[in-house]
Amino acid sequence: MTKFSDLNLNPKVLKAVEEAGYETPTPIQAGAIPPALAGRDVLGIAQTGTGKTASFTLPMITLLHRGRARARMPRSLVLCPTRELAAQVAENFDIYAKHTKLTKALLIGGVSFKEQDILIDKGVDVLIATPGRLLDHFERGKLLLTGVQIMVVDEADRMLDMGFIPDIERIFGLTPFTRQTLFFSATMASEIERITNTFLSNPERIEVARQASASETIAQGVVVFKPSRKDREGSEKRSILRGLIEREGADCRNGIIFCNRKVDVDVVAKSMKKYGYDAAPIHGDLEQSQRTRTLDGFRDGSLRFLVASDVAARGLDIPNVSHVFNYDVPSHAEDYVHRIGRTGRAGREGRAMMISVPRDEKNLDAIENLIQTQIPRIANPLKGDATAPEAEATPEAETPKPTRTRTRSRNRPAASTPAPAPEEAVEQTEATPAQAEPRQEDAAAAPAPETAEPPAEPQKDSAQRGASNRSRGSSNRGRSRRDERDEPVVGMGDDVPSFIAQSFEERMVG
DNA sequence: AAAAAAC
């Protein structure tokens, strides 16, 4: 098997890679690095989580390590669709360039120009940017792109979705014709095809092979429910969400909760906090400093739940997410794939649960059609009936998860439950006049965790599931969660389920 | 129909 040491990377880069603990490149890295080092254009067709970032940063650093930057004339440029993604590429660059003298600047919106200006004036080797802020600098006459030797376009299909293609074309036009171009996209929409035909010259095309089916590591489930009243939909969905989280118990180490709208991100995050959960919102209307802080907290484990818009659906490298909750059914089927792709990474087991109301039926169909799988229907933790009598738990069905540490007693949740205080307590301790939460929520919530039906395993392959249950063993009460996750991780990227590795068209066709 | 990205 190919090793990083076989790829002719600069020794200083190789050293940093080894220090980071990587030995074996992922397929996209093994495929893209050699032609990139040979100076060729590269067209990489790869989803997030495949190790894409290193497949362009490592050759870039190797190619640029000689020579130095002139004032206002960066030697290379990386374009990303979102600020967080750009920041992430910058972090990667810092890791792999740490033994070199190369410099970088991160040009993103939402932060002051001043520091960015100072860096550009001094001269940087690598510019990592979102298109808007880059063009802003250019129009102010602060920046010359005529010295760009290597240009990278990351997540091009998302740039297309976001209407950035004209900007990208313009930026291409500002760079020299002789530049080397590394272009990455998850899919090859016709517009993307057109761009690559125009701006890439005889590229080496690398398409990440679809993964073996064994990498199906995401257990999926959907709660299909009908709100008892239209105006209660929101509050009932929020109590279902809490019920799902409670049902997962300690297995739910952390999670991302996706909503379709920014307002709902705010409402859900506020509600979660009210009920004692450690949660924070992230979406594009929040201040950049807050976005950064929230994401950092989630990454380092100090924040348990991230309530997010699709700003966090793609590309962001957030390892170790045990759960993804789709509070809303995404209206673009591909977004579902991106959202749940935040869990079950690197061959680890992940769980993805969704809440669907009658209005979502069409979108749910489209998702199942896309992934060519029926998403298992799982029990509504509220039993679909907010007025159901309390304490109707059915112990005989309490089988499939022997290792659960969560409490199912009808009494108060035990101390081992890391979750929130019972709703009533919160209700009493909080003055609620100014809160956005409707009163009905409390009524709908009352029977929540305790009366939850046993978790119908939102599972796929029962054999696989059984194996992982065994590996947990009932004795793992005292084991650290880290131990459970100690499966070998190959390369610098993460394994992904097979359908994610397919192109959009492939998935549509089936 | 919404989210993201420039002020």
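The chains referred to below are lettered A, B, ... by the order of the sequence lines, with proteins before strands, and numbering in each begins at 1.
Taking atom CG on A:Leu79 and atom P on B:dA6, their separation rounds to 11 Å, with Å as the unit. Computed from coordinates, the A:Leu160 CG to B:dA3 P distance equals 19 Å when rounded to whole Å. In this entry the distance linking CD of A:Glu287 with C1' of B:dA5 reads 16 Å, nearest Å. Regarding A:Gln288, its CD atom lies at a distance of 7 Å from the P atom of B:dA5, rounded to whole Å. For the pair A:Leu107 CG and B:dA5 P, the interatomic distance rounds to 15 Å; values are reported in whole Å. Going from atom CD1 of A:Ile168 over to atom P of B:dA6 covers 11 Å, rounded to whole Å.
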Identify each donor-acceptor pair in which a side-chain atom of residues 195-203 of chain A lies under 3.5 Å from a protein atom, sequence neighbours left out, and give them as a table.
from	atom 1	to	atom 2	distance (Å)
A:Thr196	OG1	A:Ile192	O	3.3
A:Thr196	OG1	A:Glu193	O	2.8
A:Asn197	ND2	A:Glu193	O	3.3
A:Thr198	OG1	A:Arg194	O	2.8

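With hydrogens and angles disregarded, a donor-acceptor distance shorter than 3.5 Å links the side chain of A:Ser322 to the backbone of A:Asn254. A donor-acceptor contact shorter than 3.5 Å links the side chain of A:Glu236 to the backbone of A:Ser228.
With sequence neighbours excluded, the residues forming a side-chain hydrogen bond (donor to acceptor under 3.5 Å, both in side chains) with A:Glu204 are A:Arg40, listed by chain and number.
Between B:dA6 and A:Thr130, a contact under 4.0 Å exists linking OP1 or OP2 to a side-chain N or O. At the phosphate of B:dA4, OP1 or OP2 sits under 4.0 Å from a side-chain N or O atom of A:Ser309. A sub-4.0 Å separation between OP1 or OP2 of B:dA5 and a side-chain N or O of A:Arg291 is present. Between B:dA5 and A:Arg158, no contact under 4.0 Å exists linking OP1 or OP2 to a side-chain N or O.
Within 4.0 Å of A:Gly110, counting heavy atoms only, lie sugar-phosphate atoms of the nucleic acid but no base atom. Within the nucleic acid shown, A:Ser331 comes within 4.0 Å of at least one base atom, counting heavy atoms only.
The listed nucleotides are B:dA1, B:dA4, B:dA6; the one nearest the side chain of A:Asp136 is B:dA6.
Taking 3.5 Å as the limit, the base of B:dA1 and the side chain of A:His332 contain a donor-acceptor pair of atoms between them.
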